[in-house]
There are 2 protein chains.
Amino acid sequence: MPRAGLDQSTVVAAGAALADEVGLAQLTMGSLAERLGVRTPSLYKHVAGQEDLNHRIASLALSQAADAVGVAIQGYAGRDALSAAARAYRTFVLDHPGRYAATIGVQPTTPDDPMATAGHCLLAAFMAVLRGYDIKPPDVDHALRMIRSLFHGFATLQSANAFQWSADIDESFDWLITFTDRGLRTL
Amino acid sequence: MPRAGLDQSTVVAAGAALADEVGLAQLTMGSLAERLGVRTPSLYKHVAGQEDLNHRIASLALSQAADAVGVAIQGYAGRDALSAAARAYRTFVLDHPGRYAATIGVQPTTPDDPMATAGHCLLAAFMAVLRGYDIKPPDVDHALRMIRSLFHGFATLQSANAFQWSADIDESFDWLITFTDRGLRTL
DNA sequence: CACGTCTGGCTAACTACATTAGCTTTTGGC
DNA sequence: GCCAAAAGCTAATGTAGTTAGCCAGACGTG
């Protein structure tokens, strides 16, 4: 029997990709093994189980999202940075719904959990956006939580197809960015 | 064998309550049956299966959320209505995390799906809040999507314990309401 | 009251999936 | 070439969802 040459990152990356394709709920150890050309129990040589796999996918997703946002805002400030960050974030969620879904409701275990680190990187990117506004220190945490809620909420709802009615979604997204930008500039 | 006297709404209500207690992922047909003092297959006399159960729990949740928000905003307008709606919504999500989670990613099937109806009621309540502001018709849909994203995002993140760091969450929530109110008043 | 039907419960059986145990073969260092 | 670790495998177990088919109690009607 020839070896498939898997390792942990291969398995996790394939799991993330499969989750994006078929939905996180349809990501089973069996389907992932099949995708990798291997029998189900072989996966346990690389991940500890489904929960561990999910945790690692979440970690990967957060780190990729942080990267995407970080790259997108380079060289921008103020409204441009806000817009770039929001777009990058939403694009990531829409392009990778499965791995993003894996991040929901997963708690970091240890303080040096890679997922916690990736989460902090993403927050740092958002924080960088806020630095382009003149926000008083006590307001920074609140503003950060707000844009996080807004981005997460909008992206999640659109990804779940929860915006059913008429108006154009991209237009709403631009409107929302403008609204937030104005609010942040007049704190 | 004495009858348990179940019917569909009993089963769905018990499922929602159990989901709130143990988490949606831990809501199994077996645990629900045990809670109701019945064997697992008996549940299939009242719901078509797990997917159907989830759908009905989602429907119940949306309808209860719409009720809660609708009641909360009665007699208020403007900032007071916005604040009341936001609080009622968040309280509902925090008190009923399991049934709220059931609403995520569930698509209405037919146009007369009770879930779609309940969703519209909830939107109508949010729309009523916006009526207290002087918003130009083309902006209404965008504003509605924004507050929905914001409320959903904040409540979801708090429910998932995703706000880890220092600042007080209630304070952030108030800040967010004030921010939104100011933005809506100066459109 | 007897009868028949419908309903809501049951047991038994089947499937899918996650997981573990234990075996075998490849691989890579010596 | 040899040996240990790694990476695959088969087989088996436990749990959960679901279906089939049986049976008893509730209820309406003669």
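Proteins get letters first, then strands, A, B, ... in listed order; numbering begins at 1 in each. These values consider heavy atoms only, across backbone and side chains, with no hydrogens, waters or symmetry-generated copies.
The closest side-chain donor-acceptor pair between A/Ser83 and A/Arg87 falls under 3.5 angstrom. For A/Ser9 and A/Arg56, the side-chain atoms include no donor-acceptor pair closer than 3.5 Å.
When the C1' atom of C/dG9 is taken as reference, atom CG of B/Leu6 falls 9 Å away, rounded to whole Å. B/Gln8 places its CD atom 15 Å from the C1' atom of C/dT7, with the value rounded to the nearest Å. Atom CG of B/Asn54 and atom P of D/dA16 are 17 Å apart (whole Å). Rounded to a whole Å, the CD atom of B/Gln50 is 12 Å from the P atom of D/dT19. Atom CE in B/Met29 sits about 16 Å away from atom C1' in C/dA16, given to the nearest Å. Taking atom CG on B/Leu43 and atom P on C/dT7, their separation rounds to 18 Å, with Å as the unit. Rounded to whole angstrom, the span from the CD atom of B/Glu51 across to the C1' atom of D/dG17 amounts to 12 Å.
Both B/Lys45 and B/Leu27 lie close to DNA chain D; mapped to their nearest nucleotides by heavy-atom distance, the more 5′-ward contact belongs to B/Leu27. The 5' end of DNA chain C is approached more closely, in terms of each residue's nearest nucleotide, by B/Pro41 than by the other of B/Pro41 and A/Tyr44.
Below the 3.5 angstrom threshold, one finds no donor paired with an acceptor across the side chain of A/Arg3 and the base of C/dT27.
With ring centers used as reference points, B/His96 lies under 6.0 Å from B/Phe92.
The B/Arg39 side chain lies nearest to C/dC10 when the options are C/dA18, C/dC10, D/dT10. The side chain of A/His46 approaches D/dA7 more closely than any other nucleotide in the set D/dA7, C/dC10, C/dA18.
An OP1 or OP2 oxygen of C/dG8 is reached within less than 4.0 angstrom by no side-chain nitrogen or oxygen of B/Ser42.
Taking the ring axis of B/Phe154 as reference, the NZ or CZ atom of B/Arg90 does not stay both within 45° of it and closer than 6.0 Å to the ring centre.
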